[in-house]
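The next block holds one structure in the form of structure tokens; read it before the comments.
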Amino acid sequence: MLARIDAAEAGLLKLLTWLSPAFPIGAFSYSHGLEWAVEIGDVTSRPALVDWLDALLAHGGLGSDAVFFARAHDAVCEGDAAMFAAVAELAAAFQPSRERRLESFAQGSAFLTAIRASAPTSALDLAGSWEGPVAYPVAVALASAGHGLPRGPALAAFLHAGVANLISAAVRLVPLGQTDGLKALAALEPAVLVAAARAAATPLDDVSGAAFRSDIASMRHETQRTRLFRT
């Protein structure tokens with residue numbers, strides 16, 4: 001006789017699927033400007049990579065994405081279409097460069113397409129409250145809340161996956177060995193948890209960003225002569 005399936009375990013499986021490199025959103029093709037940072041000499045070692053990603057979590061795109069995730073998750077749980085639209089609009093406006101817009105919107109669109117096909121939820125109707133493109137963190141939050149996944153674990157998993165994807169890019173770009181990549185990911189675990197906790201307590205009106213070197217990297221990448229990544 002099959003044991004009764006625990007809801008939390010079922011939710012964990014969904015997160016593992018959605019945030020897996022195999023989920024068809026093309027995450028492997030984006031570096032968030034890291035490719036330019038490697039070429040210019042800002043990131044040439046594991047310690048430098050850890051410092052770069054720690055700054056993104058505390059002050060940059062990963063940190064602001066976490067706030068958008070948290071507030072979008074809240075809006076879906078409350079069934080507040082107006083709030084969801086406000087989060088989606090600010091997340092769209094917050095992209096500092098053409099490539100970062102491409103990175104977030106392309107992944108957000110692909111994510112929603114895959115969710116509609118594989119794990120539909122009535123929460124997807126809220127996406128219609130915003131007529132513009134849906135940023136990636138907002139899309140993942142929408143699906144997570146729609147399937148009843150708690151905000152805390154879902155947000156932490158989202159940030160962990162984002163950091164892991166950028167470390168994977170650095171392993172190929174610097175290059176770093178796989179072991180150094182794993183050490184970098186382990187070193188950033190506390191920063192991921194801090195960023196998730198901070199985002200959970202940050203109102204939408206207080207979202208901010210100050211990782212200017214990362215923003216410049218994404219702009220400079222647009223004209224970089226040799227590129228392996230789209231951003």
Side-chain angles (χ1 to χ4, degrees), residues 5-28 30-32 34 49-50 53-58 60-77 84 87-88 91 103-104 106-116 118-121 123-124 126-127 134-171 181-202 207:
I5 297 175
D6 183 85
E9 292 176 352
L12 175 61
L13 290 181
K14 284 185 171 63
L15 280 176
L16 289 173
T17 298
W18 298 344
L19 299 175
S20 163
F23 203 65
I25 63 169
F28 61 87
Y30 302 101
S31 82
H32 204 79
L34 187 59
L49 173 65
V50 171
L53 296 181
D54 182 72
L56 289 183
L57 286 164
L62 294 178
S64 56
D65 278 356
V67 177
F68 296 135
F69 185 110
R71 302 290 74 84
H73 192 285
D74 290 346
V76 175
C77 288
F84 181 84
V87 176
E103 182 177 279
S104 191
Q107 290 185 87
S109 176
F111 184 88
L112 290 179
T113 297
I115 290 296
R116 288 189 177 98
S118 63
T121 165
L124 288 167
L126 279 178
V134 177
Y136 180 51
V138 176
V140 181
L142 173 66
S144 298
H147 282 277
L149 307 186
R151 185 186 67 195
L155 175 54
F158 170 79
L159 286 175
H160 183 270
V163 169
N165 187 65
L166 293 182
I167 289 175
S168 177
V171 166
L182 290 173
K183 288 180 178 179
L185 188 57
L188 286 162
E189 287 175 0
V192 166
L193 295 176
V194 168
R198 182 171 52 245
T202 300
V207 67

Next item on the list: To the nearest 0.5 Å, tell me how far S20 OG sits from L15 CG.
Entry: 12.0 Å
Notebook entry, point to check: If only atom types and distance count, is the side chain of H73 paired as donor or acceptor with the main-chain N or O of L149 below 3.5 Å?
Noted result: yes
Note to self: Looking at every heavy atom in both F84 and L126, which two are closest together, and how far apart are they?
What the structure shows: CD2-O, 3.4 Å
Note to self: Let me confirm one number: the CD1-CG distance from I25 to N165, rounded to the nearest 0.5 Å.
What the structure shows: 8.0 Å
Checklist line | Shortest non-hydrogen separation from A135 to A91 and the atoms involved | finding: CB-CB, 3.9 Å
Check: Taking all non-hydrogen atoms of both residues, which atom of A72 and which atom of V138 are closest, and how far apart?
Finding: CB-CG1, 4.1 Å
Notebook entry, point to check: Counting N and O atoms only, with roles assigned by atom type, does the side chain of S109 sit under 3.5 Å from a partner on the main chain of A106, one being a donor and the other an acceptor?
Noted result: no
Notebook entry, point to check: Do the ring centers of Y136 and F158 come within less than 6.0 Å of each other?
Noted result: yes
Next item on the list: Would you give the length of the straight line joining atom CG of L159 to atom CG of L188, rounded to the nearest 0.5 angstrom?
Entry: 11.0 Å
Notebook entry, point to check: Say you draw a straight line from CG of L19 to CZ of F111; how long is it, rounded to the nearest 0.5 Å?
Noted result: 7.0 Å
Notebook entry, point to check: Does the side chain of L34 come within less than 4.5 Å of L49's, by heavy atoms?
Noted result: yes
Next item on the list: Report the C-alpha distance between V163 and E189 in whole Å, list the side-chain angles of each, state the deciding distance to 0.1 Å, and finish with yes or no for side chain to side chain contact (heavy atoms under 4.5 Å, CB included).
Entry: CA-CA 9 Å; V163 169; E189 287 175 0; over 6 Å; no
Check: For S118 and P120, which heavy atoms make the closest approach, and how far apart are they?
Finding: C-CD, 3.6 Å
Item checked: Value rounded to 0.5 Å, distance of CG in L155 from NE2 in H160 -> 13.0 Å
Margin query: So which atom in L166 and which in S31 form the shortest heavy-atom distance, rounded to 0.1 Å?
Written below: CD2-O, 3.5 Å
Check: Got a donor-acceptor contact below 3.5 angstrom from the R71 side chain to the T202 backbone?
Finding: yes
Notebook entry, point to check: Donor-acceptor pair, S168 side chain versus A164 backbone, under 3.5 Å?
Noted result: no
Item checked: Exercise: identify the closest heavy-atom pair between V76 and G146 -> CG1-N, 4.0 Å
Checklist line | Pair F23-I115, side chain to side chain contact (heavy atoms under 4.5 Å, CB included): steps then yes or no | finding: CA-CA 10 Å; F23 203 65; I115 290 296; 4.1 Å; yes
Notebook entry, point to check: Could you state the interatomic distance from OG1 (T121) to CG (L142), rounded to the nearest 0.5 Å?
Noted result: 7.5 Å
